[in-house]
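Order of the sequence lines fixes the chain letters, A, B, ..., with proteins taken first and strands second; residue numbering starts at 1 for each chain.
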2 protein chains.
Amino acid sequence: MAETNSILIKDTTILSDEIKKSSILVVDDTIQEISTSLNKNDAEKVIDGTNKITMPGLINTHSHVAMTLLRGVGDDQSLQTWLEDYIWPKESNLDEELVYWGSKLAMAEMIKTGTTTFNDMYFYMEETAKAVDESGMRAVLGYGMIDLFDEEKMKSELKESEKLIKKCHNTCDNRVTVAVTPHAPNTCSEELLIKSNELASKNDLKLHIHVSETKKEVEDIKNNTGKTPFEYLDSIGVLNSNTVAAHGVWPTSNEMDIIKEKGVSIAHNPSSNMKLASGIAPVTEYLDKGINVGIGTDGVSSNNNLDMFSEMKLTAFLQKVNTLNPQVLPTKDTFAMATKNGAKALGINAGSLREGKLADIVIVDTLVPHMTPVRDALSNIIYSSLGSDVDTVICNGKILLENKVLKTINEQEVIQEVNERAFEL
Amino acid sequence: MAETNSILIKDTTILSDEIKKSSILVVDDTIQEISTSLNKNDAEKVIDGTNKITMPGLINTHSHVAMTLLRGVGDDQSLQTWLEDYIWPKESNLDEELVYWGSKLAMAEMIKTGTTTFNDMYFYMEETAKAVDESGMRAVLGYGMIDLFDEEKMKSELKESEKLIKKCHNTCDNRVTVAVTPHAPNTCSEELLIKSNELASKNDLKLHIHVSETKKEVEDIKNNTGKTPFEYLDSIGVLNSNTVAAHGVWPTSNEMDIIKEKGVSIAHNPSSNMKLASGIAPVTEYLDKGINVGIGTDGVSSNNNLDMFSEMKLTAFLQKVNTLNPQVLPTKDTFAMATKNGAKALGINAGSLREGKLADIVIVDTLVPHMTPVRDALSNIIYSSLGSDVDTVICNGKILLENKVLKTINEQEVIQEVNERAFEL
């Protein structure tokens, strides 16, 4: 007899560590069985997986989701101008309600394009947590601390982080964990960075930080500390296997060794690095060294969407053209970055479809012109698909999207709320 | 009273040379009027344009559409290996029926992602013309001539081109024109190139050719002729304002001057150039010099889809990161490349929404999460949209897609036919 809270995805093309035709049984929040002998009586709910590719939910390792509110702000500007003249002035007008609706809109977009987990750094994060609770997604959330070398600010920023940890860590059936998130080594004082690390260690949390995004940042940090960004962070004891460093565009060879030795994960953001002209991260070299690299979208105004399918294609393309070698970043490596490498970076038991893993699953339609024919499901996912091909999304064993319809978010309400509020900023 | 064969797109955001709210009246194949005072009695068919962006149909300036059959063949290989070991052996098994179905599948994909015109070079082109006739698209079609320096082959290739001109030029209500399309300066003899040019001149046709795609091609041509590719073509009189040169990745400064002086148009293919690791075309420099540059997808197996929205985003991103200058390729320049520059390259009276222009029009839905909010319709189209946001497509005054449903192609039939046939190759 079927177990309660069970879902069967029947006769599908499973794309994970290998490609195979089989069926998947989900019970509660877990993948209980993968087998060709499962049948429709084994679950309460049966999803027909024929002509569909079933894969792990995508993991966005670097985001600022409420920035959907700022979509289209400050296009075609450099990071510094974009931040100082466009983004920061508008962000100073943010409030709880705006962040709630901006986060909810982002979740509508992420679910519809196959993302089940995101790693976020922003403000009013309790509101983002509330939206995660309602949407059914999985997230690592951090309050983005910036003290700009002001001691009072440092103290109040740390308090905000501590408050978020108390309020939100391990909530929403453990779908939400909290990370400590100092913004960057050139916007945070040394003391803030050190205390952030202490706070993360004490609570066994991830530490998520921007590092080595632009040449200018590298120069500024060199001028201030005599060290390159990763060297500096390492010298004050901040780097370890709980660190997720976003960007990592300009590492020296010595910094690569440090990243490897300390077990730091890199969150690579190809769209953002291209749009802001920050540079091309040496992803191929990172992977060759055995460094764990995930993929992120960054915030919407440096992208300008949250489609992880586009980011996968771009990750592969950018490395190929930059090295003039079409063989680098073959499809399986790119796919691993967006799935199991992301899970490793964030410390979650997901990112591949195996018995015992959390049931974070995405089902993609193949009976559309641009996915025809399917010679190789992996190739079609990386190079041919659009985020909008996602048909069904399951996170933590719950269905969040079915036949392309959101089940936990009222899509038109969210669109209307954001359209009414975003222009206040 | 409403004229027959008329369509009114009412109260929409028009995105063309400028952005404005207005209505568009199409009569027969032409945009007759753009005015805020048009009302629903002015046309037989009325389309509600509120919450939608209405823009020119996208123009794909370099394609091999029947290569949809080869989707997923030879991923992650260099151009030479990809061609010689993967593509050419399979192409030798092509026949009329396969090309017909492959072309039809491509048209389903192109229409659904907002392309109304494509510039194609391939084999069995009468079959592609037949599919254009049925689909209602606009196309420039050429038989891809390759003689590999064999004189008999040269003669038979030219005969094929002449046959295609007689049979298909200015057919399908003038939606189809024929171009002369020698494959490339390193796969065609000098005599074939010269005779191609004579054939094009005599019939006032476009000449569409691959030029300067890879470093290897440049080296090979230098070794054979002592000249770089554009210098060589110019020395034999082949370059003029009817030339569409696909790729143009590795031009010297002298070649840029030749391209400008002769009025050659460049078809830029960012996905293909990145996937095959061919290199990064100097699009910014081309545009700075006043050279006309359009955008193309190239064939599906070096992409692997035909989504011109992705190509626009990629065009902008690649130039920004390559020059480390986020201000290059601002949205209006990228948009012009995919619309009016393409129309100029192909010599068609389309590419912008103005009275008297051909009615090739695309309507994009904005009430979706990833297009919310719309601060700037142009920014959302270039950076946020997915090809699947296209709601309605009009080509030559006929509706080809409505509410995302193809009106001239039986989508599931085409998918099934290709799935049954593609694996024969």
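Listed options A:Ala108, A:Ser271, A:Pro270 were ranked by heavy-atom pairs under 4.5 angstrom with chain B; first place goes to A:Ser271. The candidate from B:Leu378, B:Thr331, B:Thr214, B:Asp76 with the greatest count of non-hydrogen atom pairs under 4.5 Å with chain A is B:Asp76. Interface remark: of the candidates A:Val300, A:Leu69, A:Thr323, A:Val414, A:Leu69 forms the most heavy-atom pairs closer than 4.5 Å to chain B. Annotation: maximal heavy-atom pairing with chain A below 4.5 Å, among B:Asn303, B:Thr113, B:Leu306, B:Ile280, occurs at B:Asn303. The most heavy-atom pairs under 4.5 Å with chain B, out of A:Ser388, A:Ser310, A:Ser278, A:Ser385, come from A:Ser388.
Interatomic distance, A:Leu324 CG to B:Lys215 NZ, rounded to the nearest 0.5 Å: 5.5 Å. Distance check, rounded to the nearest 0.5 Å: CG of B:Leu386 to CG of A:Leu386 gives 6.0 Å. Taking CD of A:Glu109 as the start and NE2 of B:His370 as the end, the distance is 6.5 Å to the nearest 0.5 Å. Taking CG of A:Leu367 as the start and CD1 of B:Ile415 as the end, the distance is 6.0 Å to the nearest 0.5 Å.
Without hydrogens or angle criteria, B:Gln412 side chain to A:Val368 main chain gives no donor-acceptor distance under 3.5 Å. Here the side chain of A:Arg71 pairs no donor or acceptor atom with the backbone of B:Asn380 at under 3.5 angstrom.
Here A:Ser379 pairs with A:Asp376, A:Tyr383, B:Asp75, B:Asn304 under the side-chain contact (heavy atoms from CB on, under 4.5 Å) rule; sequence neighbours left out.
In this structure, chain A has a heavy atom under 4.5 Å from the backbone of B:Met371, while its side chain stays farther away. Only the side chain of B:Lys112 comes within contact range of chain A, with at least one heavy atom under 4.5 Å from a heavy atom of that chain. Neither the backbone nor the side chain of B:Asn322 comes within contact range of chain A, judged by heavy atoms closer than 4.5 Å.
Within a 6.0 Å radius of NZ in A:Lys21, other residues, nucleotides and ligands contribute 12 heavy atoms or fewer.
Of all heavy-atom pairs spanning A:Val73 and B:Arg375, the tightest one is CG2-NE, 3.3 Å. Between B:Val374 and A:Asn419 the shortest heavy-atom distance is N-OD1, 4.3 Å.
Close approach to chain B, defined as a heavy atom under 4.5 Å from one of its heavy atoms, is seen in A:Lys313, A:Leu314, A:Phe317, A:Leu318 of residues 311-318 of chain A, taken by number.
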